[in-house]
Amino acid sequence: MGPDRRVSVVVITYNRRDELDAALHRLERLPEQPCVVVVDNGSADGTADMVLSRHPRIRLISLERNLGAVGRNIGVATVDTPYVAFCDDDTYYEPGALSLAADLLDEHPTLAVVTASILVEPGGTLDAICSEMAQSPLRRPAGIPGHPLLSFLAGVSVVRREAFVAAGGFSARLWLGGEEELLASDLARAGWAMSYVSEVVAHHQASKLRDPHLRRRHGIRNTLWFTWLRRPLRSALVRTARHLARVPRDRISLYAVAEALRGLPWVLRERNVVPAEVERGYRLLDHMQLTSKARRYVS
């Protein structure tokens, strides 16, 4: 397999110098030899110097502050390949996975996102979220490969650049934590398909350098914001009640709900309910997601 010029890779990172170093070594060994862009979200641990000294062929974008998922938007804006693979500093793709995803995107012009299966390291066990995606109750569009989705996992997904840019990329308001759901709703509204394709394989060795409480707080908040922004009133009320019934009764959840409520003025201004066809898909997914063992709001 030779270089594949159809796919670039955008990696966002923040204060994980050593883990990013390992991830970049893996990306540099891929047979596809993709253009790799690292967007450093204002790290203070020498990340930028490490990239410049150890990975001189990697394109580095150093931001002054942590913009979260918006860093991916900035990375995408610097490449011109038709497809972009998102990668976190604790995820990486199997050799050949990027070319396989590009083949699928070539063959299916209405497909906007290919989400890979995830092997959790160390050990290489299949992530529980993959089993859930494989059981998707959504109707599969004719000719589209894999299992249909109405959201995706950014750290292990390859996107069609044209569709991503037209949908506006990731929202600055959501920062990080379930930020994919809002973007995915706008892709679905525009008629794009998204699929989980198990043959495209990625690995995830979860970083220990993270703030689990902040991650949970943003996940709860962003789920509420997405629900209020895109779901019809009845569905939004039901999903809000069910969502809040599942979260732990502690100060982290309280902060998350309070932050979500503080955002209500802009949420109401920007509320744009999805079309009926997309809403039918969400209703099919609601029960699965709300009873999912892979979507537990714990720190």
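Because the structure is a prediction, the values reported are computed rather than measured.
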Say whether [X] and [Y], considering side chains only, have a donor N or O and an acceptor N or O under 3.5 Å apart.
{"X": "S207", "Y": "E19", "answer": "yes"}
{"X": "D21", "Y": "H55", "answer": "yes"}
{"X": "D127", "Y": "H204", "answer": "no"}
{"X": "T81", "Y": "R6", "answer": "no"}
{"X": "D89", "Y": "Y14", "answer": "no"}
{"X": "T47", "Y": "R17", "answer": "no"}
{"X": "S235", "Y": "E279", "answer": "yes"}

* Asked: Taking 4.0 angstrom as the limit, do D250 and R216 come out as a salt bridge?
  -> yes
Aromatic contact, [X] with [Y] (centres under 6.0 Å):
{"X": "F226", "Y": "Y282", "value": "yes"}
{"X": "W266", "Y": "W228", "value": "no"}
{"X": "F164", "Y": "F170", "value": "yes"}

Does [atom1] belonging to [X] count more than 12 external heavy atoms closer than 6.0 Å?
{"X": "E277", "atom1": "CD", "result": "no"}
{"X": "E162", "atom1": "CD", "result": "no"}
{"X": "R26", "atom1": "CZ", "result": "yes"}
{"X": "N272", "atom1": "CG", "result": "yes"}

* Asked: Would L187 end up clustered with V10 when hydrophobic side chains under 4.5 Å apart are linked, directly or stepwise?
  -> yes
Please tabulate, for the side chains in residues 194-203, all donor-acceptor contacts under 3.5 angstrom to protein atoms that are two or more places apart in sequence or on a different chain.
{"from": "S195", "atom 1": "OG", "to": "P145", "atom 2": "O", "distance (Å)": "2.8"}
{"from": "H203", "atom 1": "ND1", "to": "E121", "atom 2": "OE2", "distance (Å)": "2.7"}
{"from": "H203", "atom 1": "NE2", "to": "E94", "atom 2": "OE2", "distance (Å)": "2.5"}

* Asked: Roughly how far apart are R231 CZ and T240 OG1, rounded to 0.5 Å?
  -> 9.5 Å
* With rounding to the nearest 0.5 Å, note down the distance linking CH2 in W225 to CG in L264. => 9.5 Å
* For the side chain to side chain contact (heavy atoms under 4.5 Å, CB included) test, which of V278, V273, L182 pairs with R230? -> L182
